[in-house]
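By convention in this document, chain letters (A, B, ...) are assigned in the order of the sequence lines, proteins followed by strands, and residues within each chain are numbered from 1.
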Number of protein chains: 2
Amino acid sequence: MTHDARDVVTLREVARAAGVHPGTASRALNEATRSLVRPETVERVVAAASALGYRPNYLARSFKTRQTRSVGVVIPDINNPLFPPMVLGIEDRLTTEGYVTLLANTQNEAQRRERIFAEMLERHVDGLIVATAQREDPELVELAQDGIAVVLLNRVVEDRSFSSVSADDGAGVRAVVDHLVGLGHERIAHVAGPQSMSTGLARYQGFLSSMQAAGRRAEPELVAAATSFTINEGERCATVLLESGGAPTAIFAANDMLALGCYSALERAGLRCPEDVSVVGFNDMPFIDRLNPPLTTVRIPHYELGAQAAQLLVDQLHQPHEPLRVLLLVPSLVVRGSTAPARAAVRVG
Amino acid sequence: MTHDARDVVTLREVARAAGVHPGTASRALNEATRSLVRPETVERVVAAASALGYRPNYLARSFKTRQTRSVGVVIPDINNPLFPPMVLGIEDRLTTEGYVTLLANTQNEAQRRERIFAEMLERHVDGLIVATAQREDPELVELAQDGIAVVLLNRVVEDRSFSSVSADDGAGVRAVVDHLVGLGHERIAHVAGPQSMSTGLARYQGFLSSMQAAGRRAEPELVAAATSFTINEGERCATVLLESGGAPTAIFAANDMLALGCYSALERAGLRCPEDVSVVGFNDMPFIDRLNPPLTTVRIPHYELGAQAAQLLVDQLHQPHEPLRVLLLVPSLVVRGSTAPARAAVRVG
DNA sequence: CTGAAAGCGCTTACAG
DNA sequence: CTGAAAGCGCTTACAG
């Protein structure tokens, strides 16, 4: 009825068939302890195991060793197209290392996040890959202090006690600003992301420093900060910028969702993109190249981000006293139809 | 160093603190057996447990009971925007039922699929939600015969030995055909999906019967079958249709990806959508409403699909001899800018 | 190099 | 209603 049939052959039976003690059979079958056993014995045990179709009982093993070879992956929202490629990268790497992926979405709800972490620990995951970090994240810091293996993905905590894999936002933003400056834009605005997240802050700071490096000033009326990375917030902020009197000829949005909101705001204001205002995003979401106009944006290697995070975690699991590692992957600017040479300043409202 | 600190308090200690035998403590703490214990004793045990911060060891429990309260979710490709909402629906429902989600992508590779199923069984998942079914799927049928609880999601196996949750494709297609016929289209073409999948077949058959019901003939030169649900295949098939001499004024693509390919083919042929040719998709992928033109398509309640599949599985787990259930969720046509009244027949090539 | 034994932390017949 | 005991299937010190 259930799949107990599969489980019917146990280590004890393999041992009997091979004429050895179960302990010996265990050692022979386990990679790590195999060298303790005489080669001929190993061979005998392995033969018996495969003859009987022996499959070790993971539950028993996990119970005994307190290791589950599973890792918890905590993301904000799988519906955000950023995350699926990361999850795939994680899964691919984890799988080849013999780990299994427990996935959970926080949906940005504190209560849900707490539940998820508690559940993952109850399930004895060997480690956690967390893509929901806030810059200040006491909950996460506490986890780390409890000695749970955690790798941060995409976003980062201010407290530098985590290994992490994220994109080099500074480099990405620099490429954006250089591109816009190169097109002759004088009045470049920024729709910043939430400053409570490392990505929002890093891109904002990158904007300030890149502007300065390019000899431009980032005027206060040309910056608006969104409270979330959503289309609605992008529209709201872009509207603020357009009505501020700052007369931007280009808007750099801290991610593609916000950029989509910029499109909406421009449309509502009767402005054309890129003729009147250029728009740049960040992330290179799927299908963003099929919009009208196709969005100029910064491509982040999301799959790689996930794969590297998984690797870091696995390394850390195998070598618990490994020093922390902070990986920054290189993004690249993808120029499409939403940016064009600056024309004249535009004033609205 | 590890989170062993959390595990330090064991059932035995709770029992001692409450002055009862561990067996009694177990019964008192377990929902199902609590009624066997005198209320005052239950109270004492519960108090002791919470005073000591007792957390049952899942590993021990799973080992003993052979249940893990985990379910494997097998999807073709998380990067396909269809699946994230389904996965979220699954996770939400599973979580409230106390189950955890093991996620894996087959990437449509047979080898990978086999590995995944083997792994999931090794991990003793309580059941499986499978969105990768082929119409003929001996592997899956075998699983079911082994008595593993399986619920099919989105796609279905010809062999009717599974519970499943999918969309009522026939109803969706009917709405599409009626819409196009209502717009005066005489020559309606179909880019069919892979006929090895139930979705591809059902939508094709739905097309045939709806056309017939509407008094139209589905001419052979107005149907082309894709070998995969991809943009490239959509473009290839649409090109075939446009060059076949059938002169379609509307193309119904079996999903949005294929419809995207139709857009490309029209563009390459110098035809405008919807002025020259109307296009309809299926699924209502995220952001498909932001394309140029916004795609008319059939909305499928993907989140609900996932949630219902999870529910079916959980029900089946709790009530193993429950009869199979086949759920068909109702889709709805979303009319956007890619469809317009028919003008004249168009001939290309 | 191998055997004998203990034990991981629970659950669950079985007695009483 | 509760206790005493067995046992799930492994791994791993400990002897020899």
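A sub-4.0 Å separation between OP1 or OP2 of dG9(C) and a side-chain N or O of Arg66(A) is present. Side-chain N/O atoms of Thr41(A) include one lying less than 4.0 angstrom from OP1 or OP2 on dT2(C). Contact annotation: Thr10(B) side-chain N/O to dC10(C) OP1/OP2 distance is under 4.0 Å. Under 4.0 angstrom from either OP1 or OP2 of dG9(D) there lies no side-chain N or O belonging to Arg61(A). Checking the phosphate oxygens (OP1, OP2) of dC10(D), no side-chain nitrogen or oxygen of Ser26(A) falls inside 4.0 Å. Between Asn57(B) and dC8(C) there is no side-chain polar atom (N or O) within less than 4.0 angstrom of OP1 or OP2. Contact check, Arg12(B) against dG9(C): no side-chain N or O comes under 4.0 Å of OP1 or OP2.
In this structure, Ser70(B) OG and Leu102(A) CG are separated by 7.5 Å, a value rounded to the nearest 0.5 Å. Between the CG atom in Leu312(B) and the CZ atom in Phe162(B) there is a gap of 13.5 Å [rounded to 0.5 Å].
Atom CZ of Arg16(A) and atom P of dC10(D) are 13 Å apart (whole Å). The separation between Arg69(B) atom CZ and dC10(C) atom C1' is 16 Å, rounded to whole Å. When rounded to the nearest whole Å, the span between CD of Glu13(A) and P of dG9(D) equals 9 Å. The separation between Arg55(B) atom CZ and dC10(C) atom C1' is 16 Å, rounded to whole Å. Across the protein-nucleic acid pair, Leu59(A) atom CG and dG9(C) atom P stand 16 Å apart, rounded to whole Å. Between the CZ atom of Arg27(B) and the P atom of dT11(C) there is a distance of 11 Å, rounded to whole Å. A straight line from NZ of Lys64(B) to P of dA13(C) spans 9 Å, rounded to a whole angstrom. Remark: P of dT11(C) and OH of Tyr54(B) are 6 Å apart, rounded to the nearest angstrom.
Arg112(B) and Asp92(A) are joined by a salt bridge, as a carboxylate oxygen and a charged side-chain nitrogen come within less than 4.0 angstrom of each other. Between Arg135(B) and Asp159(B) there is no salt bridge, since no side-chain nitrogen of the basic residue lies less than 4.0 Å from a carboxylate oxygen of the acidic one. A salt bridge is defined here as a Lys NZ or Arg NE, NH1 or NH2 lying under 4.0 Å from an Asp or Glu carboxylate O, and Arg34(B) with Glu31(B) meets this definition.
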Item to check | Residues Val45(B), Val42(B); criterion side chain to side chain contact (heavy atoms under 4.5 Å, CB included); working and verdict | outcome: CA-CA 5 Å; Val45(B) 172; Val42(B) 169; 5.9 Å; no
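The partner of dG16(C) is dC1(D), judged by Watson-Crick or G-U wobble contacts that both fall below 3.5 Å.
Aromatic stacking of Phe63(A) on dC10(D): not satisfied for centres closer than 5.5 Å together with planes under 30 degrees.
The 5' end of DNA chain C is approached more closely, in terms of each residue's nearest nucleotide, by Arg38(A) than by the other of Arg38(A) and His21(B). Of the two residues near DNA chain D, Thr65(A) and Val20(B), the one whose nearest nucleotide lies more 5' is Val20(B).
The residue Ser62(A) sits apart from the nucleic acid: no heavy atom pair falls under 4.0 Å. When heavy atoms are screened at a 4.0 angstrom cut-off, Thr33(A) is found touching no nucleic acid atom at all. Contacts of Tyr58(A) with the nucleic acid, taken as non-hydrogen atoms under 4.0 Å apart, are absent.
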